[in-house]
Amino acid sequence: MYGKLCTVRIGFVRRKLHMFVYNKDISEEELIDYAKQLEGKKMKDIGNPDEVKKWLSKSKNKGAIGNAIQVCYFGIPANSIKEADFNYHNIELKVTPIKENKNKTLSSKERLVLNMINYETDYVYSFEESPLMKKSQHMLLIFYLHEENLPAEEYKILRAEMFTIPSEDLPTIREDYNTIIEKIKAGKAHQISESDTTYLAACTKGAGKGKDDRSQPFSKITAKQRAFSFKQKYMTVYFNSIFNRKSFEKLQIPQQLSLSSFIDLQLSPFIDLSTSQIEQKLNYKPIKDISKDKAYLPRLVSKIFGIESTTLEEIEQFQKGNIKFKTIRLRQKKTENQDMSWPNIDFHEIFNTEFEDSTWYEWFAETKYLFVIFEDTEYGTILRKHILWNAPPKMLEALETLYNHIKWQLQNNVIEVEIKVNKKGQEVWTNNLPGKGFVPYFQIRPKGNKGSEFTTLPDGRKFKKQCLFLNKEYLHGLI
């Protein structure tokens with residue numbers, strides 16, 4: 001079944017080892033059965049220890065673990081040929097890390113890269129005929145647990161699983177593919193962002209900083225080198241569904257509809273209706289009305305979708321697509337409108353992390369947002385619009401400028417803090433972080449006025465917590 005049998009003498013113990021060498025006589029069932037035997041093994045136990053160690057020592061090669069499994073366990077030479085890794089069965093081998101989070105849950109450590117995007121040729125293929133489909137429809141996925149404090153040979157293999165795109169995800173992935181291809185056709189490959197799409201992404205590949213830029217056929221502007229990939233959150237949901245059978249509440253989407261089409265289908269009938277009219281249409285009687293319940297609007301939107309939770313991002317399809325849900329309420333008096341806040345700023349992260357590896361980048365370049373916009377009028381609070389929104393390129397440029405300026409301030413130790421006491425005996429903290437107007441769209445300021453909300457700067461100084469805000473003027477312009 002696995003090729004020739006050999007005998008190894010270790011001390012006084014004789015062990016028989018199956019020397020698997022992949023070949024055309026092995027059936028797909030035998031291949032999968034052999035792959036399943038990886039589960040529970042440590043990397044050091046997958047083959048000849050010296051051979052495994054040799055491959056894992058190539059630390060500069062991100063594919064070292066994948067190559068070790070390919071060579072030492074499956075007996076396939078490491079190469080970069082275009083045909084499938086298991087060429088007799090047209091199966092791709094993909095090895096991908098899992099991490100344990102602080103709350104002991106498991107999640108994908110990174111996106112799953114599928115194949116490089118060729119701007120010059122990929123636009124001619126339909127989704128069904130694309131190189132992407134040939135790569136992604138028949139994959140053997142090997143998941144291993146990445147632990148920061150362990151050497152790679154101690155990493156444990158958690159799961160081996162054959163993957164094909166679930167039929168329920170195909171409409172959304174097809175839509176994602178077409179979104180990327182249409183940008184290439186429009187000469188906008190340089191404006192592609194991971195937040196353009198839902199499950200499938202066009203992630204950057206290479207050293208960055210212009211070193212890997214590629215020409216595109218419909219524009220003279222070069223574009224970053226990119227690859228098709230399944231998003232990190234998509235892989236997290238998939239892994240948990242097969243490893244611990246974890247399930248999430250999900251939207252009941254007809255099989256032919258993409259997620260974005262379903263969102264339009266659900267919300268469109270309620271556009272320009274007041275909250276009371278929506279309640280009547282849904283036959284919904286809330287315990288508290290809009291004046292007494294801060295979660296009223298999210299709860300109402302959840303009822304429109306037929307779910308119990310007010311947190312739509314906990315829904316399976318939203319988790320797969322890394323989609324966050326926010327309601328926006330436009331007041332009659334513009335002065336009462338609010339900027340939209342994000343979590344407190346981690347100054348240590350900014351100090352140590354480049355923009356494209358930061359949480360700021362993840363918030364705006366890799367995340368989509370479902371904005372459901374309500375407007376207060378003399379006739380009540382009206383549902384005006386819904387937008388499946390992602391940050392436009394100019395916004396990302398402004399965000400990067402702001403991030404890098406703060407990084408420069410931190411690394412050059414030029415952040416100034418002044419503390420004054422007002423007439424009420426209260427401390428008033430001021431600083432020289434960039435203020436509103438430094439870049440378009442964004443501002444930085446404290447969230448709330450609780451004096452106990454402090455953090456530290458990388459130099460150890462006590463500092464009042466700051467938040468990133470998206471300006472209310474931009475949000476009002478969405479309507």
Side-chain angles (χ1 to χ4, degrees), residues 1-6 8 17-98 108-116 131-132 134-147 150-164 203 205 227-230 235 238-239 242-243:
M1 170 179 169
Y2 297 145
K4 62 184 180 179
L5 192 69
C6 74
V8 177
L17 298 178
H18 288 289
M19 303 298 291
F20 183 98
V21 178
Y22 177 68
N23 61 74
K24 61 182 177 60
D25 297 323
I26 294 170
S27 69
E28 184 171 323
E29 183 181 1
E30 289 172 334
L31 174 61
I32 296 170
D33 177 66
Y34 183 66
K36 286 284 186 183
Q37 294 176 39
L38 275 169
E39 295 178 358
K41 290 183 185 295
K42 292 184 176 180
M43 282 299 299
K44 65 183 180 181
D45 299 323
I46 67 169
N48 181 287
D50 292 334
E51 189 74 7
V52 173
K53 190 173 183 179
K54 183 187 77 172
W55 282 102
L56 295 181
S57 66
K58 301 181 179 183
S59 57
K60 292 183 179 180
N61 179 3
K62 288 186 177 181
I65 292 176
N67 284 335
I69 291 174
Q70 177 179 320
V71 176
C72 303
Y73 190 73
F74 290 108
I76 302 173
N79 52 51
S80 57
I81 58 174
K82 291 186 178 181
E83 63 182 14
D85 300 304
F86 299 104
N87 59 309
Y88 299 115
H89 300 88
N90 195 33
I91 296 175
E92 288 289 331
L93 174 66
K94 294 289 183 181
V95 178
T96 187
I98 297 296
S108 180
K109 186 175 181 290
E110 58 193 38
R111 58 183 69 82
L112 182 71
V113 176
L114 302 169
N115 64 300
M116 298 300 297
L132 167 69
K134 292 177 182 177
K135 284 270 186 182
S136 62
Q137 271 298 72
H138 213 194
M139 296 190 295
L140 175 59
L141 302 184
I142 308 293
F143 296 92
Y144 67 92
L145 184 62
H146 180 275
E147 298 183 78
L150 290 181
E153 56 262 31
E154 295 293 331
Y155 290 169
K156 185 179 179 180
I157 296 169
L158 300 177
R159 189 81 174 188
E161 191 79 14
M162 281 300 302
F163 175 90
T164 57
C203 67
K205 288 286 289 180
F228 287 115
S229 63
F230 288 135
M235 295 307 301
Y238 173 76
F239 172 77
I242 62 170
F243 185 70

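These numbers were taken from a predicted model, which means no experiment stands behind them. For reference, positions follow the sequence shown, starting with 1.
Side-chain contact between Met43 and Ile69 is present, with heavy atoms from C-beta onward closer than 4.5 Å. Looking at Asp85 and Leu140, their side chains never come closer than 4.5 Å, going by heavy atoms from C-beta outward.
Considering every non-hydrogen atom in both Pro97 and His146, the closest pair reads CB-CB, 4.0 Å. Heavy-atom minimum distance, Asn23 versus Val21: ND2-O, 2.9 Å. Contact record, Asn67 with Ala78: OD1-CB, 4.0 Å, taken as the closest heavy-atom pair. For Ser229 against Arg111, the heavy-atom pair with the smallest separation is OG-CD, 3.6 Å. Here the shortest heavy-atom pairing between Ala152 and Leu56 reads C-CD1, 4.0 Å. When every heavy atom of Glu92 is checked against every heavy atom of Ala84, the shortest pair comes out as OE2-CA, 3.2 Å.
Met162 pairs in a side-chain contact (heavy atoms from CB on, under 4.5 Å) with only one of the listed residues (His138, Lys36, Met139), which is His138.
Residues satisfying the salt bridge (charged side-chain N to carboxylate O under 4.0 Å, His left out) criterion with Lys44, sequence neighbours excluded, are Glu154. The salt bridge (charged side-chain N to carboxylate O under 4.0 Å, His left out) check on Glu153 picks up nothing, with sequence neighbours excluded.
Listed for the Tyr88 side chain is no donor-acceptor partner under 3.5 Å among the backbone atoms of Tyr22. When atom types are taken as modelled, the side chain of Lys94 and the backbone of Val113 share a donor-acceptor pair closer than 3.5 angstrom. Side-chain atoms of Glu110 never come within 3.5 Å of backbone atoms of Thr96 as a donor-acceptor pair (strictly under, hydrogens ignored).
Here the two rings, on Phe74 and Phe86, have centers that are under 6.0 Å apart.
From Leu93, atom CG reaches atom CG of Leu141 across 8.5 Å, with rounding to the nearest 0.5 Å. Taken to the nearest 0.5 Å, the NZ atom of Lys41 stands 14.5 Å off from the CG atom of Leu158. The CG atom of Asn90 lies 9.5 Å from the NZ atom of Lys135; values are rounded to the nearest 0.5 Å. Leu38 CG to Arg159 CZ: the interatomic distance, rounded to the nearest 0.5 Å, is 12.5 Å. Note that CD1 of Ile65 and CD1 of Ile142 are 12.5 Å apart. Values are rounded to the nearest 0.5 Å. One finds the CD atom of Glu51 at 10.0 Å from the CD1 atom of Ile46 (value rounded to the nearest 0.5 Å).
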Run Met235 and Phe143 through side chain to side chain contact (heavy atoms under 4.5 Å, CB included) and show every step you take. CA-CA 10 Å; Met235 295 307 301; Phe143 296 92; 4.1 Å; yes
Show your reasoning for whether side chain to side chain contact (heavy atoms under 4.5 Å, CB included) applies to Ile98 and Phe243. CA-CA 11 Å; Ile98 297 296; Phe243 185 70; over 6 Å; no
Using the side chain to side chain contact (heavy atoms under 4.5 Å, CB included) rule, take Gln37 and Tyr73 through it: C-alpha gap first, then chi angles, then the decisive distance, then the call. CA-CA 10 Å; Gln37 294 176 39; Tyr73 190 73; 3.4 Å; yes
Hey, mind stepping through Phe230 and Tyr238 against ring pair (Phe, Tyr, Trp, His ring centres under 6.0 Å) and telling me if it holds? CA-CA 10 Å; Phe230 288 135; Tyr238 173 76; 8.9 Å; no
